[in-house]
Amino acid sequence: MRRGSKWILFVLCFVLLCEGCASPINVVKSDGSKSNYVKAKKIESALIEPDNYIGKWIKLYGQITSGPKVDGADGYMVCYKGQDNRYFFVSTTNTNFKVGDYVKVDAKINNIVTRKNAFGDDLPVAELNEAKITKTTYDKVEAPAYQTIKPKNGSKKLDGVKFEVQKVEYAESETRVYIKVTNKTDYELYCASAYTVVQQGDTVINPNTSESIIEREGYDQIASSIDPGDSSSGIVLFSVISPEKATQVITSIYDSLGQEYDFTIDVN
């Protein structure tokens, strides 16, 4: 091989090596979205001082307080509920949401703007654009779980009746027990959240069955009656319970003949 050809080959190899070692400034996922998201523990900081995070992407939950037009601008004012309430403005022409909706927002921090909050006060807030907005539920915004436990042996069967504790979610303001009842008997079953309790040691904790709270939070409730071959799932709501203590979920289910089926599930 002539000297000139060797030199050309050397240069080409050097260029390819440099390209392989280069690191892109913005990493892009396969779906085209930027990966430089604000970390979860920095969300509140990003809303307090958004000028330090302009250009970054953020995922967060909140409740819409005004919109779909605010101060003449298309979009929504949203309240993020962390240690303190923090507002942000989502710039969008999507009018499918209303005041009071709980939403999940995936967007880019674009600027700082002044918008009025629900009380008519002018606030400097982060403006988010290129937003994907989806409806979510009360618990994700108002009472997010800080710990979730799925029992190792979460289901039991008794004469054609199956009771399951699918998971227990522990939040700062409440505890949610997700249950399911399956009827493989020939008779109608009767059950209710009020029949389910939590026991920790000698302490029995009754559920919160207030209709106003349940309706406000939109939690699914177990059906009061379950026909043969059917099943029903729901959330039983309790006050604040420690996940550190040994916990049992205890319930009673009845059939149309008056037969009682008692179940005890160890959570942890």
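Starting from 1, each residue takes its place in the sequence as its number. Every value quoted in this text rests on a predicted model; they were computed, and no experiment measured them.
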Checklist line | Contact summary for Asp71 and Lys116, nearest pair of heavy atoms | finding: OD2-N, 3.1 Å
Check: Going only through I, L, V, M, F, W and Y residues with side-chain contacts under 4.5 Å, is there a path from Tyr80 to Val103?
Finding: yes
Notebook entry, point to check: In terms of hydrophobic clusters joined by side-chain contacts under 4.5 Å, are Val125 and Ile43 together?
Noted result: no
Next item on the list: May I ask you to decide if Lys59's main-chain N or O and Lys104's side chain share a donor-acceptor pair within less than 3.5 Å?
Entry: no
Check: Between the side chains of Lys180 and Gln166, does any donor sit under 3.5 Å from an acceptor?
Finding: no
Notebook entry, point to check: Going by atom types only, do Tyr261 and Asp255 share a side-chain donor-acceptor pair under 3.5 Å?
Noted result: yes
Check: How far apart are the C-alpha atoms of Leu237 and Arg176, what are their side-chain angles, what is the distance that settles it, and do they pass the side-chain contact (heavy atoms from CB on, under 4.5 Å) test?
Finding: CA-CA 5 Å; Leu237 189 63; Arg176 300 180 289 271; 3.9 Å; yes
Notebook entry, point to check: Does NZ or CZ of Lys140 fall inside the cone over Tyr102's six-membered ring, less than 6.0 Å from its centre and within 45° of the axis?
Noted result: no
Margin query: Test your reading of the model: is there a side-chain donor-acceptor pair from Asp51 to the backbone of Ile112, 3.5 Å cut-off?
Written below: no
Check: Where do Leu128 and Leu60 land on the side-chain contact (heavy atoms from CB on, under 4.5 Å) test, with the steps shown first?
Finding: CA-CA 11 Å; Leu128 309 186; Leu60 70 172; 4.2 Å; yes
Notebook entry, point to check: Under a single-linkage definition using a 4.5 Å side-chain heavy-atom cutoff for Ile, Leu, Val, Met, Phe, Trp and Tyr, are Val177 and Val161 assigned to the same hydrophobic cluster?
Noted result: yes
Next item on the list: Flag the pair Glu244 / Gln147 as yes when at least one side-chain heavy-atom distance between them is below 4.5 Å, and no otherwise.
Entry: yes
Next item on the list: Identify the heavy atoms of Ile58 and Ala46 that sit nearest to each other, and give their distance.
Entry: CD1-CB, 4.3 Å
Check: So how far is it from Glu188 CD to Asp227 CG, rounded to the nearest 0.5 Å?
Finding: 5.5 Å
Notebook entry, point to check: Looking only at heavy atoms, what is the nearest atom pair of Phe88 and Val105, with distance?
Noted result: CE1-CG2, 4.2 Å
Next item on the list: Indicate if Ile265 and Ile179 have the same hydrophobic cluster label, given that clusters are the connected sets of ILVMFWY residues with side-chain heavy-atom separations under 4.5 angstrom.
Entry: yes
Next item on the list: Evaluate the side-chain proximity of Ser239 to Ile205: yes if any heavy-atom separation is below 4.5 Å, no if none is.
Entry: yes
Checklist line | Value rounded to 0.5 Å, distance of OG1 in Thr92 from NZ in Lys132 | finding: 13.0 Å
Note to self: Using side-chain heavy atoms (C-beta onward) and a distance below 4.5 Å, is Thr182 in contact with Glu164?
What the structure shows: yes
Item checked: Any side-chain heavy-atom pair of Gln259 and Tyr187 under 4.5 Å -> no
Next item on the list: Test side-chain contact (heavy atoms from CB on, under 4.5 Å) on Asp74 and Thr93 and set out the steps.
Entry: CA-CA 6 Å; Asp74 292 328; Thr93 56; 3.9 Å; yes
Margin query: A side-chain contact here means heavy atoms from C-beta on lying under 4.5 Å apart; do Ser232 and Ile222 qualify?
Written below: yes
Item checked: Nearest non-hydrogen partners of Gly75 and Val70, listed with the distance -> O-CG2, 3.7 Å
Next item on the list: To the nearest 0.5 angstrom, please state how far the OG atom of Ser256 sits from the CG atom of Leu189.
Entry: 8.0 Å
Notebook entry, point to check: Where does the angle between the aromatic ring planes of Tyr170 and Tyr146 fall among parallel (under 30°), tilted (30 to 60°) and perpendicular (over 60°)?
Noted result: tilted
Check: If you look at every heavy atom in Pro207 and Val197, which pair is closest and at what distance?
Finding: CD-CG1, 4.4 Å
Margin query: Quick check for you: to the nearest 0.5 Å, what is the distance between Asp121 atom CG and Arg115 atom CZ?
Written below: 15.5 Å
Next item on the list: Find out if a path of hydrophobic residues (ILVMFWY) with successive side-chain heavy-atom gaps under 4.5 Å connects Val165 to Ile226.
Entry: yes
Next item on the list: First locate atom CG of Asp266, then atom CD1 of Ile250, and finally report the distance between them rounded to the nearest 0.5 Å.
Entry: 9.5 Å
Next item on the list: Determine, stepwise, if the pair Leu158 / Phe163 fulfils side-chain contact (heavy atoms from CB on, under 4.5 Å).
Entry: CA-CA 9 Å; Leu158 184 60; Phe163 176 70; over 6 Å; no
Margin query: Just so I know, are the side chains of Ile253 and Cys191 near enough to count as touching, which here means a heavy-atom distance under 4.5 Å?
Written below: yes
Margin query: Could you check whether any side-chain heavy atom of Val168 comes within less than 4.5 Å of a side-chain heavy atom of Thr247, counting everything from C-beta outward?
Written below: no
Notebook entry, point to check: Residues in ring-ring contact (aromatic ring centres under 6.0 Å, His included) with Tyr195, at least two apart?
Noted result: Tyr254
Checklist line | Salt-bridge contact Arg86-Asp84 (side-chain N to carboxylate O under 4.0 Å) | finding: yes
Notebook entry, point to check: Between atom CD1 of Ile133 and atom OH of Tyr76, what is the distance when rounded to the nearest 0.5 Å?
Noted result: 6.5 Å
Check: Does some side-chain heavy atom of Gln200 sit less than 4.5 Å from a side-chain heavy atom of Ile241?
Finding: yes
Item checked: Gln221 and Tyr219: side chain donor to acceptor below 3.5 Å -> no
Note to self: Please find the pair of heavy atoms, one from Tyr87 and one from Met77, that lie closest to each other, and give the distance.
What the structure shows: CB-CE, 3.8 Å
Notebook entry, point to check: For the side chain of Asn94 and the backbone of Asn96, is there at least one donor-acceptor N/O pair under 3.5 Å apart?
Noted result: yes
